[in-house]
Structure formats: structure tokens, C-alpha cells
Amino acid sequence: MSILTVRNLQKSFGDMAAVKDVTFSVEKGEAYGLLGPNGAGKSTIINMITGLFLPTSGRIHLNDIDVIKNPKQAQKSIGVVPQDIALYQDMSAKENLKFWGRMYGLSGKALNDSVEEVLEIIGLTDRSKGKVNTFSGGMKRRVNIGAAILHKPELLIMDEPTVGIDPQSRNHILETIKTLNSQGMTIIYTSHYMEEVEYLCQRIGIIDHGELIASGTMPELRETIGDRSRIILSYDGELPEAAKLQHELAGIFPEKDITILDQKLTVFHKEPQLVLTDFIKAATSTGAKINSVDIVEPNLESVFLHLTGRSLRD
Ligand SMILES: Nc1ncnc2c1ncn2[C@@H]1O[C@H](COP(=O)(O)OP(=O)(O)OP(=O)(O)O)[C@@H](O)[C@H]1O
Ligand SMILES: [Mg+2]
């Protein structure tokens, strides 16, 4: 059963189309990932779902609620962790959480219980009295996540919650999300880190230049590249006789899928071990100064490269 449906969503800023005809749905209880590079349109999509931006056109439903017509009603069931941290710096973690709890209509014992429970979940019970301006970026981020789950939302939306924080907080955040999801909370997780999205999410939508260019489970997305691995050859300097090399490689690889990008020559193959020697021979024969050769199992980076000809990390 879908908890959220997004249909033909568009958003333009002046004549710049930031989100173009995006359609997807999120099932109750799943973690859905929105993966895409900087400027792809992820935050703009999130901001329309949470009622911060009005779409140029399209429809958004949360359960039976029309989010565009009744944003206030929808917001009761949504928790949001925005991309930019929004906390009172000279208040303690606990005071910040109490502030947000009151915003959600909690008071008295319910508020206190909820704040204590959330402090436990985000692992900051011991530091609850510390002022936020004495916290690391990762700890602040955890308070932000806590603020979003005080009212036990059905749907938790997180916009790149692990950007620029220490590895320990990052791991803590990922485990917290895993736990919340396993306890039944539906999650939308936005990131440009494919490893996080692969780890957390059962289904993933890939966004590029405002468009949803692929959506599905990992096996479904891997199928868009024929479940092929990537052989990546890194080289120094120029790639001499690149055209000749491409021609030779086209003979070795039945499905022509050769990319030369950022001093890396990439080809796709179902059984890379079988063609590795020929591949290296062909590259060496053109005088390429080879640094390394890697074989990468089918992953989201491969899907993105295949669909766009670009790297996710641009
Ligand atoms: N308020 C705004 N006014 C004008 N343009 C905007 C506004 N918000 C976003 N944009 C533009 O819309 C496009 C999509 O931006 P968005 O913030 O949604 O990307 P993103 O995928 O969240 O990127 P990032 O990973 O960097 O956060 C960008 O080109 C951005 O410059
Ligand atoms: Mg963003």
C-alpha cells in the first residue's frame, strides 16, 4: 500500500525547470532513497512534499490527504530533517527538542516522555544539557533528527543527513534510521552517497537534472545495466590513440558501452575475468600509461554512469 504518491511533479524557478515531471510512490514501511548529484532537484522535491514549496504543477498525496491543498494536515504525519541544520545554538539539546515538541502540539508528560525517548534514540542522553553550540556537526545533526521524530511521524523525510559529519555520528545516524525503519517508520532518504542509499533503502529513485531517470529495487536497477560489472582502467596523462582503442574494444565487448571520463576508461561486462587480459592488452598496445585496473560489481554508480555518461560524484 502506498503512503505517498507523487504524480507529474514540476517546479520551475523563473525559466529554470528544477523538477521535471517526476512520478513515484513510496510504500508503507519501506525506506525509499532519492539519489542524485548536486543540483539534481532532490531538495526541491522534498520541499514540495513537506509543503514548503508550491509545485508549478502535479499532485502529491499522503495517504488520502492532498498535500498541496491541505499541507497543514499532511505535516502532522510527516517528520522532516532539512538539509540545513535548524537549531537554537545557545539552547541545550533538550531545550531544542522541547521547543520542537511544543511546535508539534505535545505538552506535559507526553512531551517530557517523548523528549527522553528521543534523546535515547539519538544517543545524546548524556549530553542533553549541553548547549548545541558546543556540539560537533554530527551531534547537531542528531538533535535535528530527534526533532523530526518527536511526534512519531508515519513518514520521516531526511535530506542528506550525513553530509560533512564525522564517521562516528554518520554510523550512528545510519543505524538509527535502520532501526526506525525496521520498527515500521516509512523513510525517504535523500543522498548523493550511493553506499548509504544501497545500505538503507529497499527501493531507490535516481534523480538527474530534475528528472527521475530510474526507479526500483537494487536488482531492478542492476538489470538496467544487464547486471554487468565495470572494468575501470585508470591511466596517467593523455590516452594516446583513444579512437583506435575504442575501435579495438568494440571488438572485445559485445555490448558497446565504453566510457572515457576523468582519466578512467570504463567498460561493462557480465564476466569481467574472461576479458580482462584482452582489455589490458588493447589498452597497453595504444601506449596508455596504466595506473590501475579495478573490477566493480554492478552498483548504483554504474547505473548512473550508464544512464547519463557522467559520474555521480561530479
Ligand atoms: N529557491 C530557489 N530559487 C532558484 N533556484 C533554485 C531554488 N532552489 C533550488 N534552485 C535550483 O534548482 C535546482 C535543484 O536544486 P536542489 O536544491 O533541489 O538540488 P539538490 O538535488 O537538493 O542538490 P544538493 O545535493 O546540492 O542539495 C538547482 O539548479 C538550484 O540552483
Ligand atoms: Mg539538496
Side-chain angles (χ1 to χ4, degrees), residues 4 6-26 31-60 62 67-68 71 74-75 78-87 137-138 140-145 147-148 155-166 169-170 173-174 177 187-201 203-216 221 262 299-301 303-305 307-314:
L4 180 82
V6 171
R7 294 270 169 271
N8 307 109
L9 196 63
Q10 313 240 22
K11 179 72 184 176
S12 299
F13 297 105
D15 50 14
M16 209 281 287
V19 174
K20 304 170 195 162
D21 201 22
V22 166
T23 295
F24 66 95
S25 59
V26 178
Y32 185 87
L34 277 179
L35 179 75
N38 290 139
K42 303 179 297 295
S43 295
T44 307
I45 293 171
I46 296 305
N47 288 338
M48 290 190 277
I49 296 171
T50 60
L52 204 63
F53 289 171
L54 210 53
T56 305
S57 62
R59 286 175 295 153
I60 305 170
L62 180 75
V67 176
I68 299 164
Q75 280 158 8
I78 300 179
V80 194
V81 183
Q83 186 161 5
D84 300 314
I85 290 177
L87 295 169
K140 287 180 190 173
R141 185 57 82 180
R142 277 145 72 176
V143 179
N144 233 203
I145 293 170
L155 174 64
L156 175 63
I157 305 179
M158 314 180 95
D159 197 352
E160 308 215 37
T162 59
V163 168
I165 63 174
D166 60 283
S169 279
R170 177 174 181 257
I173 287 172
L174 294 178
I177 299 166
I187 313 265
I188 297 181
Y189 190 86
T190 292
S191 182
H192 58 262
Y193 298 132
M194 63 157 194
E195 300 85 359
E196 293 187 358
V197 171
E198 258 183 64
Y199 175 65
L200 291 173
C201 303
R203 285 195 312 133
I204 297 150
I206 303 180
I207 308 280
D208 187 43
H209 292 313
E211 285 178 84
L212 186 73
I213 57 172
S215 177
L221 292 171
D262 302 334
N299 63 14
L300 289 170
E301 176 75 33
V303 174
F304 191 83
L305 179 72
L307 292 174
T308 68
R310 282 178 290 116
S311 161
L312 196 50
R313 289 163 218 280
D314 272 357

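In what follows, residues are counted from 1 in the order of the sequence shown. Reckoned from all heavy atoms, side chains included, excluding hydrogens, waters and symmetry mates. Whatever order the structure lists them in is the order used to number ligands and atoms, beginning at 1.
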Counting each atom of ligand 1 from 1 as listed, which ones have a heavy atom of [X] under 4.0 Å away?
X: E160; result: 24 (P), 25 (O), 27 (O)
X: S43; result: 17 (O), 18 (O), 20 (P), 22 (O), 27 (O)
X: A18; result: 12 (O), 13 (C)
X: T44; result: 9 (C), 14 (C), 15 (O), 16 (P), 18 (O)

- Among L300, I206, L34, T190, side chain to side chain contact (heavy atoms under 4.5 Å, CB included) partner for V197: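 That would be L300.
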- Message: Between Y199 and Y193 (judged by ring centroids, cut-off 6.0 Å), do the two rings come close enough to count as a pair?
- Response: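 Centroid distance Y199-Y193: not below 6.0 Å, so no.
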Min side-chain heavy-atom separation [X]-[Y] under 4.5 Å:
X: Y189; Y: P161; answer: yes
X: T162; Y: R141; answer: no
X: T50; Y: I157; answer: yes
X: K20; Y: H209; answer: yes
X: P55; Y: Q10; answer: no

- Query: Backbone or side chain, does any N or O of A40 fall under 3.5 Å from an N or O of ligand 1?
  - Reply: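 By distance alone, the answer is yes.
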- Examine K42 against ligand 1 and note whether any of their N/O atoms are separated by less than 3.5 Å.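 Yes, at least one N or O pair falls under 3.5 Å.
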- Message: Ignoring hydrogens, what is the shortest heavy-atom contact between M48 and V67? Give both atom names and the distance.
- Response: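 Smallest interatomic distance, heavy atoms only, reads O-CG1, 4.2 Å.
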- Item | Minimal non-hydrogen separation, S43 against Q83, with atom names |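 Nearest pair, atom of S43 first, then Q83: OG-OE1, 2.7 Å.
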- For atom 19 (O) of ligand 1, which of G41, G14, G210 has the closest heavy atom?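 Going through G41, G14, G210 one by one, G41 has the nearest heavy atom to atom 19 (O) of ligand 1.
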- Message: Could you check whether atom 31 (O) of ligand 1 has a protein contact, counting only heavy atoms that fall below 4.0 angstrom?
- Response: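 No.
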- Query: Do any N/O/S atoms of T190 come under 2.8 Å of the Mg ion (ligand 2)?
  - Reply: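 No, outside the cut-off.
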- Check whether any N, O or S atom of S43 sits under 2.8 Å from the Mg ion (ligand 2).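 Given the 2.8 Å cut-off, S43 counts as a ligand of the Mg ion (ligand 2).
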Nearest non-hydrogen protein atom, [atom]:
atom: atom 26 (O) of ligand 1; value: N38 ND2, 3.1 Å
atom: atom 28 (C) of ligand 1; value: G39 O, 3.9 Å
atom: atom 10 (N) of ligand 1; value: F13 CE1, 3.4 Å

- Query: Can M16 be said to touch ligand 1, with heavy atoms closer than 4.0 Å?
  - Reply: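 A heavy atom of M16 does come that close to ligand 1.
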